[in-house]
Amino acid sequence: VADSEYRHQLETDVMPFKGLLLGLFFIAVGMSANVSLLLASPVLVVLLTLALVAIKLLTFFPVLRLLGYNNADAWRTTTLLSQGGEFAFVLLTTALTSALVEAAVVELAVLVVTLSMATTPFLMLLANKLLEGSAEQRDYDEMPDAEDPVIIAGFGRFGQIVGRVLTAQRCAFTALDVNPGQVDFVRDFGNEVFYGDATRLDLLNSAGAKHARAIVIAVDDVAASTRIAETLRETYPDVPLLARARNRQHEIKLRDIGVHYVVRETLLSSMDLTRELFRTLQLDVAAVDAFAEHDKETLARQAAVLHDPQAYRQTTIDASAELRELFMDDKTTA
């Protein structure tokens with residue numbers, strides 16, 4: 001079922017059981033830990049636990065900073081990763097069974113990993129306290145009841161333009177954005193937008209996706225945009241979908257999913273500027289229109305071979321050659 005069209009609904013239904021299973025896991029961990037070892041050698045156990053947590057903190061934080069995380073996100077992520085992983089129990093059990101490690105060492109290691117897990121909630125509380133105000137933490141907004149709404153998923157620069165035109169036409173819409181700072185900023189200018197993650201099927205249901213007249217996918221993140229499109233196409237195949245694409249590959253992927261209308265965020269503006277450039281240089285503007293038509297045809301051919309990397313690459317090479325020949329023919333005719 002997880003590989004079928006019902007997988008997103010299944011994910012929503014299974015969500016409440018994740019906490020229960022996590023609780024059962026920690027109960028099992030607690031039962032396997034040798035607490036008497038802590039009473040016998042408290043200093044050794046505590047020092048080893050602190051050493052494990054400290055090493056992971058000092059290792060992950062600089063790595064996350066190098067990956068582009070800001071200080072607040074890097075510290076929160078590092079804190080979550082500072083504990084020993086549950087896979088350690090599997091490795092230690094296997095090592096013991098294979099007689100690679102003595103039983104006393106395994107018992108000590110299991111206890112250290114278990115205690116490191118116990119430190120995580122307290123470290124998270126400390127991190128949130130120290131980083132208080134650096135990022136807003138709050139629950140998603142309650143969605144309004146709307147009759148046949150238009151839903152805009154993502155209310156950044158792109159989504160706001162769509163919303164402004166709809167407002168001018170007195171057409172009601174429900175806007176969702178996962179960035180709380182963006183939501184509050186937009187609200188300050190009198191716009192109605194709700195804090196929510198449009199990748200979640202339950203929130204889309206609350207926003208009225210089932211009866212929506214149309215849904216605009218305007219989120220900036222490519223992975224999130226693709227997931228929203230897949231969820232909506234599988235769950236509500238009859239609802240019209242219109243989407244913003246970040247790049248050519250993203251547009252082809254959205255078209256492959258079944259989105260009704262896709263536009264690359266920079267295509268129309270760059271083509272419009274190029275036309276004006278040609279007028280300034282006193283060149284034939286028809287060449288720009290020819291390029292746009294050729295690009296459209298190439299996109300259709302690439303979409304047909306999306307899942308064949310070699311054919312996709314060859315299509316791209318052929319399209320470049322065709323375009324050069326097209327412009328050479330135009331120059332010869334002129």
Side-chain angles (χ1 to χ4, degrees), residues 2 11-12 14-140 178-180 197 199-200 221 223-224 227:
E11 181 181 344
T12 302
V14 171
M15 191 73 69
F17 297 98
K18 294 177 77 172
L20 175 62
L21 294 174
L22 188 62
L24 290 174
F25 165 73
F26 280 109
I27 290 174
V29 170
M31 293 176 65
S32 65
N34 186 358
V35 182
S36 61
L37 187 59
L38 175 61
L39 299 177
S41 306
V43 176
L44 176 63
V45 173
V46 171
L47 288 177
L48 288 174
T49 302
L50 293 177
L52 172 63
V53 172
I55 290 172
K56 297 194 72 174
L57 286 172
L58 295 175
T59 301
F60 282 117
F61 180 76
V63 172
L64 291 171
R65 289 291 290 146
L66 287 174
L67 291 175
Y69 284 69
N70 59 43
N71 279 325
D73 290 340
W75 274 120
R76 287 193 173 94
T77 305
T78 300
T79 303
L80 286 173
L81 297 174
S82 64
Q83 63 185 15
E86 59 272 14
F87 192 60
F89 301 126
V90 179
L91 292 178
L92 290 169
T93 301
T94 303
L96 180 62
T97 305
S98 303
L100 298 175
V101 182
E102 295 181 359
V105 176
V106 171
E107 288 185 353
L108 179 60
V110 168
L111 184 59
V112 168
V113 171
T114 303
L115 291 178
S116 72
M117 292 180 174
T119 65
T120 304
F122 300 103
L123 289 175
M124 280 301 302
L125 288 173
L126 178 61
N128 288 332
K129 188 67 176 177
L130 295 175
L131 300 171
E132 194 172 19
S134 60
E136 187 173 357
Q137 303 289 325
R138 69 189 195 204
D139 295 331
Y140 291 138
V178 76
N179 186 335
D197 185 359
T199 63
R200 290 179 48 173
D221 184 80
R227 185 177 181 190

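Just so you know, residue 1 is the first one in the sequence shown, and it goes up from there. Scope of the values below: all heavy atoms of this structure, side chains included, with no hydrogens, waters or symmetry mates.
Judged as a side chain to side chain donor-acceptor pair (under 3.5 Å), and not counting sequence neighbours, the contacts of Asn71 are Arg65. Under the rule for a side-chain contact (heavy atoms from CB on, under 4.5 Å), the partners of Leu108 that lie at least two apart in sequence or sit in another chain are Leu37, Leu44, Val45, Leu48, Val112. Residues passing the side chain to side chain donor-acceptor pair (under 3.5 Å) test with Ser36, sequence neighbours excluded: Asn34. With sequence neighbours left out, Leu81 forms a side-chain contact (heavy atoms from CB on, under 4.5 Å) with Phe60, Thr77. Under the rule for a ring pair (Phe, Tyr, Trp, His ring centres under 6.0 Å), the partners of Phe61 that lie at least two apart in sequence or sit in another chain are Trp75. With sequence neighbours excluded, the residues that form a side chain to side chain donor-acceptor pair (under 3.5 Å) with Thr120 are Gln83. For Val63, the side-chain contact (heavy atoms from CB on, under 4.5 Å) criterion is met by Leu67, not counting sequence neighbours. By the side-chain contact (heavy atoms from CB on, under 4.5 Å) test, Thr97 pairs with Thr93, sequence neighbours left out.
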**Evaluation steps, side chain to side chain contact (heavy atoms under 4.5 Å, CB included), between Leu115 and Leu38** = CA-CA 10 Å; Leu115 291 178; Leu38 175 61; 4.3 Å; yes
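Between Ala127 and Thr79, the closest heavy-atom pair is CB-OG1, 4.0 Å. Counting all heavy atoms, side chain and backbone alike, Asn128 lies closest to Arg76 at OD1-NE, 2.9 Å. When all heavy atoms of Leu64 and Ala74 are compared, the pair lying nearest together is CD1-O, 3.5 Å. Scanning both residues, Glu102 and Leu96, for their nearest heavy atoms gives C-CD1, 4.2 Å. Taking both residues in full, the closest heavy atoms of Ser116 and Thr119 are given as O-OG1, 2.5 Å, listed atom of the first, atom of the second, then distance. Taking all atoms of both residues into account, the shortest heavy-atom contact from Leu57 to Ser82 is CD2-CB, 3.8 Å.
The shortest distance between side-chain heavy atoms of Leu125 and Lys129 does not fall below 4.5 Å. Side-chain contact check for Val106 versus Val101: some heavy-atom pair is nearer than 4.5 Å.
Residue pairs meeting the side chain to side chain donor-acceptor pair (under 3.5 Å) criterion with at least one partner in residues 41-64, sequence neighbours excluded, are absent.
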